[in-house]
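First comes the structure, then the notes that go with it.
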2 protein chains.
Amino acid sequence: MTEAAGHTPHHHEGAPAEDTGERTPQDYETRVSPFVEQFAADLTEAGMQRMAARVFACLLASDDGALTSAELSERLRASPAAVSGAVRYLAQVNLISRRRDPGSRRERYLLHQEVWFTAVAGRDNVLGRLRNTMHTGLGELGPDTPAGQRLGEAVEFFEFLQRELDQVLVRWRAHRSGRSR
Amino acid sequence: MTEAAGHTPHHHEGAPAEDTGERTPQDYETRVSPFVEQFAADLTEAGMQRMAARVFACLLASDDGALTSAELSERLRASPAAVSGAVRYLAQVNLISRRRDPGSRRERYLLHQEVWFTAVAGRDNVLGRLRNTMHTGLGELGPDTPAGQRLGEAVEFFEFLQRELDQVLVRWRAHRSGRSR
DNA sequence: CGCTGGTTTCACAAATTTATGAAGTTAAGG
DNA sequence: CCTTAACTTCATAAATTTGTGAAACCAGCG
């Protein structure tokens with residue numbers, strides 16, 4: 001059956017602002033789902049495939065950052081096939097990993113540790129590709145042409161950016177572990 | 001975000017080939033165009049609309065970073081309509097500006113100063129949007145829930161990233177002017 | 001072995017995105 | 001004013017991307 005295992009609503013009073021307290025199962029529909037969809041939309045806008053974005057967002061909003069195919073399928077009202085495809089992509093780009101719960105034939109898809117970290121590293125890759133293409137183009141155009149100048153500067157910028165980005169990530173690690181972990 | 005993670009060493013591949021000197025008109029076809037298309041493909045892969053990417057790449061590879069609609073249309077073998085749309089988009093996101101040469105009815109589209117700078121700032125915008133959506137979601141989910149925890153951390157990461165990114169850009173400015181300008 | 005729950009693959013339908021020709025605008029130049 | 005070069009808008013055709021149902025797979029379990 002499809003009863004959402006592991007999604008026991010946690011009750012929390014004393015919540016911030018105007019949270020009256022109770023968390024009902026309907027909360028998913030009224031509160032979580034809108035967020036998931038909005039976030040997915042943002043990601044899509046930013047270039048990620050739609051379904052992958054939805055799955056990713058859904059995991060992000062789930063209690064323990066992990067859901068089974070069936071759960072995703074239900075929450076997103078999407079076919080298992082669609083989930084399968086999205087999940088394959090996300091695993092490919094290292095945003096999630098798939099885990100086989102021993103004793104059960106269902107699989108759990110869970111957010112990679114430090115997802116955002118990974119995501120930024122990924123961005124780093126596309127920067128690298130752009131940089132390489134420009135570097136090659138520089139060879140074709142000749143570094144002495146006006147266009148070549150511009151390209152050269154761009155290449156420099158990208159290299160600079162990549163170095164800096166790496167350091168930013170290092171700094172984040174420091175920042176992070178410095179406060180609670 | 002779209003591509004995978006992992007840390008590809010930022011290797012500079014093959015040095016630019018020998019530049020024999022002459023530049024013929026056919027050079028555009030044989031040398032420039034392939035670069036333009038490849039670069040556009042990279043940008044498309046990274047999420048930019050195809051035609052916009054082509055126009056942008058074309059401008060980047062042009063001698064003075066500026067071309068008329070007709071020139072773009074010819075070099076890209078695309079209809080004026082397509083160019084028009086692409087150009088509108090690029091202006092929208094502040095990557096190019098349009099200039100009306102007084103006395104001529106044609107318009108010139110030129111790369112914005114410090115394009116890459118702008119581009120990164122733009123990326124910053126999408127980061128901001130994601131951050132905001134997450135922040136809102138945090139309100140809905142409650143910061144005391146497991147998902148809320150995760151979200152909160154993500155928001156922090158994004159804020160950190162944005163601050164750092166700003167500084168990186170400042171540093172680039174310094175770096176840049178420190179060497180020649 | 002042979003089911004059976006669970007996931008993946010495949011062919012195809014639906015939705016979206018792109019690009020185009022043609023008609024519509026706008027303003028320079030007579 | 002009227003012409004006309006140049007850009008834009010619009011409806012539509014073409015290409016791509018998405019998502020789905022149904023069939024194929026693949027272990028575990030009895």
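Heavy atoms only: backbone and side chains are in, while hydrogens, waters and symmetry mates are out. Proteins come first, then strands; the chains are lettered A, B, ... in the order of their sequence lines, and each starts at number 1.
The aromatic rings of B:F56 and B:F39 lie parallel to each other, with less than 30° between the two planes, well short of the 60° mark.
In plain terms, the two heavy atoms of B:L90 and B:A52 that are nearest each other are CD1-O, 3.7 Å. Looking at every heavy atom in both residues, A:R150 comes nearest to B:L59 through NH1-O, 3.7 Å. Smallest separation of non-hydrogen atoms from B:Y28 and B:R75: OH-CB, 3.5 Å.
Both tests pass for B:R173 against the ring of B:F117: distance under 6.0 Å to the centre and angle within 45° of the axis. Geometrically, A:R176 does not engage B:F160 in a cation-pi contact, judged by NZ or CZ lying under 6.0 Å from the ring centre and within 45° of the ring axis.
A nucleotide of DNA chain D counts as in contact with chain A when one of its atoms lies under 4.0 Å from a heavy atom; the first and last such, 5' to 3', are D:dT18 to D:dC29.
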Worked check of salt bridge (Lys or Arg N to Asp or Glu O under 4.0 Å) between B:R99 and B:E107: CA-CA 6 Å; B:R99 171 176 305 167; B:E107 214 161 39; over 6 Å; no
Candidate pair A:D166 and A:V170, rule side-chain contact (heavy atoms from CB on, under 4.5 Å), full reasoning: CA-CA 6 Å; A:D166 286 350; A:V170 170; 5.7 Å; no
Residue pair A:V120, A:L165: steps toward the side-chain contact (heavy atoms from CB on, under 4.5 Å) verdict: CA-CA 8 Å; A:V120 171; A:L165 222 45; 4.3 Å; yes
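In this structure, the CZ atom of B:R77 is 12 Å from the P atom of C:dT20, given to the nearest Å. Distance A:Q92 CD to C:dT8 P: 13 Å, rounded to the nearest Å. Atom CD of A:E45 and atom C1' of C:dT16 are 14 Å apart (whole Å). Regarding A:Y109, its OH atom lies at a distance of 12 Å from the P atom of C:dG6, rounded to whole Å.
The stretch residues 54-73 of chain B comes close to DNA chain D through B:S69, each having a heavy atom under 4.0 Å from the strand. Within a heavy-atom distance below 4.0 Å of DNA chain C, the residues of residues 79-90 of chain B found are B:S79, B:A81, B:A82.
No path of Ile, Leu, Val, Met, Phe, Trp and Tyr side chains, each step under 4.5 Å between heavy atoms, connects B:L110 with B:V93, placing them in separate hydrophobic clusters.
Within 6.0 Å of the CZ atom in B:R100, the count of heavy atoms belonging to other residues, nucleotides or ligands exceeds 12. Counted within 6.0 Å of CD on B:Q167, heavy atoms from surrounding residues, nucleotides or ligands total more than 12; the atom is thus considered enclosed.
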Could you go through nucleotides 26-30 of chain C and list every protein N or O atom that sits under 3.5 Å from one of its N or O atoms, giving the distance for each pair?
| from | atom 1 | to | atom 2 | distance (Å) |
| --- | --- | --- | --- | --- |
| C:dG29 | OP1 | B:G103 | O | 2.6 |

Atom pairs, N/O to N/O, protein against nucleotides 12-15 of chain C, distance under 3.5 Å?
none

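The side-chain contact (heavy atoms from CB on, under 4.5 Å) check on B:D63 picks up A:P146, A:A147, with sequence neighbours excluded.
Checked against a 6.0 Å centroid threshold, the rings of B:W172 and A:F158 do not count as neighbours.
A salt bridge between B:D42 and A:R129 is absent, with no side-chain N of the basic residue lying under 4.0 Å from a carboxylate O of the acidic one.
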